[in-house]
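In each ligand, atom 1 is the first atom listed, and ligand 1 is the first ligand listed.
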Amino acid sequence: MAIDYVNKIPNNVDLSDNRRLQRALEAWQPNFLSWWDDIGPLGFQQKDVYLRTATSVDAKGWAHFDYVKMPDYRWGIFLADRNPDRQINFGDHKGEPAWQEVPGEYRGVLRRLIVTQGDTEPASVEQQRLLGATAPSLYDLRNLFQVNVEEGRHLWAMVYLLHAHFGRDGREEAEALLERRSGDEDKPRILGAFNEKTPDWLSFFMFTYFTDRDGKYQLASLAESGFDPLSRTCRFMLTEEAHHMFVGETGIGRVIDRTLELMKEHDTDDISPFGGVNLSLLQKYLNFHFSVSVDLFGSELSTNAANYYTMGLKGRFEETRKDDDHLLKDASHEVMHLEDSRFVMRDDPALQALNEALRDDYVLDCQRGVDRWNKAIAKAGIDFRLKLPHRAFHRQIGQFASVHCTPEGKLISAEEWNARCHEWLPTDEDQKYVESLMKPVYEPGKFAAWIAPPRRGINGRPVDFEYVRFN
Ligand code: BYC
């Protein structure tokens, strides 16, 4: 369905036919804008940014690119087209028509899932608030803001569901989404990774590679939901999410390209005297961001996850492509456990192990990008490979939270961890070094010395295009 841009709130859900809902969302809109103003990207609100905006939800050519001041971005409500024959594809309600309204008995659980998803979106904007001040180029600055406005739109996506389907408590939750703050002691964001800092661009690229990829897997599971409005909204969000992961993968790839260049030029592994990011430092950032992101999948065995599935609310990644009964009552899944201070694989009930199964898919996907980076390193003739750490490394959630383990998966004592964690995770000194590299470059076509230019620009524009206008 075409997007209505005449409306105060752009949408493809016939919002003007439901005056009550329209009024409620129009009342939330100024609160959103004031949140954006208070805690959104600092310092660039009046600049013209070359942004893409959705014009339709088709697979092909859904975006329009033009200069926009961020507060004028047309945040709105875009759902993928409805398939009137869609059914619930898994769990106890398998085969029934997909729900268009919230099933009363699952209301609380569904609301919680939507709120948890919604909470991550503004959180990431808050985490990235200061990055504009140190952008390595106009190209990167524009990508940051594109990610930020789209995370803002993803918040709209969840707020629409809360307002349209959950009455007064939905409206209250929508307000609360603007009240919690990333990293705030009293009112933190819900999930761990979203209370961490994103203080520099290396962290930003790692975040968009690893944490946005959790977004991909969670959204894909919610896109399988029997609650059709949630499925449709997540399907369109996934198309936006793809760009965020592209920013992460190519961002890290460009840091590596530059590092390899400096290593060759100076014939040394330690390029910090020349203003580059050593591969060993990159590995520490990778270890940190991977470990906080794998935590986002929850415990290895989870009754919550089993219930979401049985209720038909949250499926598996690519549920409908899987060749099984989609009930999983008798199925098992191999899960890593700790037994007598050793890691062992054990078959557990598949329903309980759904978080772990999704984490398995995620880890494989993470590995693909690491392989591509390693290919570039190998091609340069450098004897170093980036590695995903062991999944028990540096965990806060699940059974491995209680132990210490090296990136290679060797269990160690708390004393040894304390003595050696500086080898594996960024230290204050490492962070200070990275911070010292973060000098802004705002001249079109110029790039900070620690990162290579991209291979191509955005939307067919050249790399030296003025992606953000400073007039
Ligand atoms: N931090 O049974 P358990 C994205 C809680 S990212 C803090 O193990 P469950 C994005 C859990 O809530 C995608 N708490 O886990 C990316 C539960 O609390 P209660 C976000 C955590 O419930 C970048 C307790 O521990 N979307 O979109 O099976 C930029 C025991 O729970 C954490 C979603 O997450 C944690 N890491 O699964 C922008 C999808 N992990 O109930 C955006 C919706 C667990 O005891 N959420 N807990 O109070 C879910 O599906 C599930 O809530 C989770 C957890 C997968 C997160």
Side-chain angles (χ1 to χ4, degrees), residues 108-129 144 146-158 161 173 177 180 182-183 188-196 198 203-225 227 230-231 233-234 237-238 240-248 289-311 313-317 335 348 351-359 361-362 394-401:
V109 182
L110 186 55
R111 192 185 59 216
R112 195 189 151 91
L113 273 174
I114 293 171
V115 167
T116 308
Q117 177 61 50
D119 190 71
T120 63
E121 316 291 1
S124 67
V125 176
E126 293 163 5
Q127 288 171 295
Q128 295 161 16
R129 169 174 169 75
L144 166 72
Q146 184 70 55
V147 169
N148 291 162
V149 293
E150 286 177 353
E151 299 300 6
R153 208 205 67 70
H154 289 182
L155 172 60
W156 271 94
M158 292 301 127
L161 295 177
E173 292 286 11
L177 285 169
R180 286 186 287 274
S182 173
R189 291 296 174 184
I190 297 170
L191 299 174
F194 294 91
N195 290 302
E196 300 289 347
T198 312
S203 303
F204 172 66
F205 292 136
M206 290 287 173
F207 184 97
T208 42
Y209 186 78
F210 288 109
T211 309
D212 277 273
R213 193 170 307 273
D214 169 53
K216 167 182 164 184
Y217 280 83
Q218 298 296 346
L219 288 174
S221 306
L222 295 173
E224 300 290 345
S225 181
F227 179 50
L230 175 61
S231 163
T233 205
C234 288
M237 288 163 79
L238 279 165
E240 293 169 312
E241 197 70 31
H243 173 255
H244 307 182
M245 288 178 295
F246 161 86
V247 168
H289 287 273
F290 177 77
S291 58
V292 297
S293 301
V294 283
D295 267 344
L296 290 172
F297 290 80
S299 308
E300 291 74 19
L301 298 181
S302 162
T303 343
N304 286 348
N307 290 339
Y308 299 152
Y309 189 84
T310 308
M311 292 169 178
L313 301 178
K314 183 181 175 193
R316 289 171 291 172
F317 184 66
V335 176
D348 281 299
L351 272 177
Q352 308 283 318
L354 283 164
N355 286 343
E356 192 62 6
L358 193 61
R359 185 162 25 231
D361 291 334
Y362 168 82
H394 188 234
R395 294 290 300 278
Q396 313 290 325
I397 299 282
Q399 56 173 333
F400 305 130

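Counted by atom type alone, S225 and S231 present zero donor-acceptor pairs between their side chains at under 3.5 Å.
The shortest side-chain heavy-atom distance between T120 and E151 does not fall under the 4.5 Å cut-off. Annotation: side chain of M237 is in contact with side chain of E121 (closest heavy-atom distance under 4.5 Å).
Residue-to-ligand polar distances keep F207 apart from ligand 1: every N/O pair is separated by 3.5 Å or more. In terms of polar-atom proximity, S124 is not counted as a contact of ligand 1, lacking any N or O under 3.5 Å from an N or O of the ligand. Close N/O approach between E241 and ligand 1 is not found [any backbone or side-chain N/O within under 3.5 Å]. Residue D295 places at least one N or O, backbone or side chain, under 3.5 Å from an N or O of ligand 1. Not a single N or O atom of D214, backbone or side chain, sits closer than 3.5 Å to an N or O atom of ligand 1.
Nearest to atom 2 (O) of ligand 1 among the protein's heavy atoms is S302 OG, 2.7 Å. Looking only at protein heavy atoms, the nearest one to atom 52 (O) of ligand 1 is T116 CG2, 4.0 Å. Protein heavy atom nearest atom 51 (C) of ligand 1, with residue, atom name and distance: Y308 CE1, 4.3 Å. Looking only at protein heavy atoms, the nearest one to atom 50 (O) of ligand 1 is K314 NZ, 2.6 Å. Among all protein heavy atoms, the one lying closest to atom 30 (C) of ligand 1 is N304 ND2, 4.3 Å. Looking at atom 56 (C) of ligand 1, its nearest protein heavy atom turns out to be L296 O, 3.6 Å. Scanning the protein for heavy atoms near atom 54 (C) of ligand 1, the closest one is G298 CA, 4.2 Å. Ranking the protein heavy atoms by distance from atom 32 (C) of ligand 1 puts I397 CD1, 3.5 Å first.
Heavy-atom contacts of A305 reach the following atoms of ligand 1: 28 (O) (cutoff under 4.0 Å). Atom numbering of ligand 1 starts at 1 in the shown order; those under 4.0 Å from a heavy atom of N355 are 9 (P), 15 (O), 28 (O), 37 (O). Using a 4.0 Å cut-off to heavy atoms of L113, the atoms of ligand 1 that qualify are 43 (C), 46 (N), 49 (C), 50 (O). Ligand-side atoms of ligand 1 in range of F194: 6 (S), 10 (C), 16 (C), 23 (C), 29 (C), range being under 4.0 angstrom from any heavy atom. For ligand 1, the atoms closer than 4.0 angstrom to any heavy atom of I190 are 7 (C). Ligand 1 places these atoms under 4.0 Å from at least one heavy atom of S299: 3 (P), 8 (O).
Around atom 14 (N) of ligand 1, the closest heavy atom drawn from L191, L358, T120, T303 belongs to L191. Nearest-residue assignment for atom 26 (N) of ligand 1 (options R189, Q117, E151; heavy-atom criterion): Q117.
Although no hydrogens or angles enter the test, the distance criterion places no donor-acceptor pair under 3.5 Å between the side chain of N355 and the main chain of G298. A donor-acceptor pair under 3.5 Å is formed between the side chain of E126 and the backbone N or O of S182. Judged purely by atom type and a 3.5 angstrom limit, R213 has no side-chain atom pairing as donor or acceptor with the backbone of Y362. Checked by atom type and distance alone, the side chain of D295 pairs as donor or acceptor with a backbone atom of Q396 at under 3.5 Å. Judged by distance alone, the side chain of D119 and the main-chain N or O of R189 form no donor-acceptor pair under 3.5 Å. Side-chain N or O atoms of T208 include one that pairs as donor or acceptor with a backbone N or O of F205 at under 3.5 Å. E300 places a side-chain N or O within donor-acceptor distance of the main-chain N or O of Q399, the cut-off being under 3.5 Å. Within the 3.5 Å criterion, the main-chain N or O of N307 finds no donor-acceptor partner in the side chain of T310. Judged purely by atom type and a 3.5 angstrom limit, E196 has no side-chain atom pairing as donor or acceptor with the backbone of H289.
Remark: atom 16 (C) of ligand 1 lies closer than 4.0 Å to at least one protein heavy atom. Proximity of atom 45 (O) of ligand 1 to the protein is not indicated, since no non-hydrogen protein atom lies closer than 4.0 angstrom. Protein non-hydrogen atoms do not reach within 4.0 Å of atom 5 (C) of ligand 1. Under the 4.0 Å distance rule, the nearest protein heavy atom to atom 12 (O) of ligand 1 falls inside the cut-off.
The two atoms that bring T211 and S293 nearest to each other are OG1-OG, 2.9 Å, heavy atoms only. Of all heavy-atom pairs between L177 and P122, the closest is O-CG, 3.9 Å.
The side-chain hydrogen bond (donor to acceptor under 3.5 Å, both in side chains) test with H244 singles out one residue from E150, H154, K216, and that residue is E150.
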Check your understanding: Checking side chain to side chain contact (heavy atoms under 4.5 Å, CB included) for the pair F210/V292: CA distance, chi angles, key distance, verdict?
Key -> CA-CA 9 Å; F210 288 109; V292 297; over 6 Å; no

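For R112, the closest heavy-atom approach to ligand 1 falls below 4.0 Å. Not close to ligand 1: Y217, with no non-hydrogen atom less than 4.0 angstrom away.
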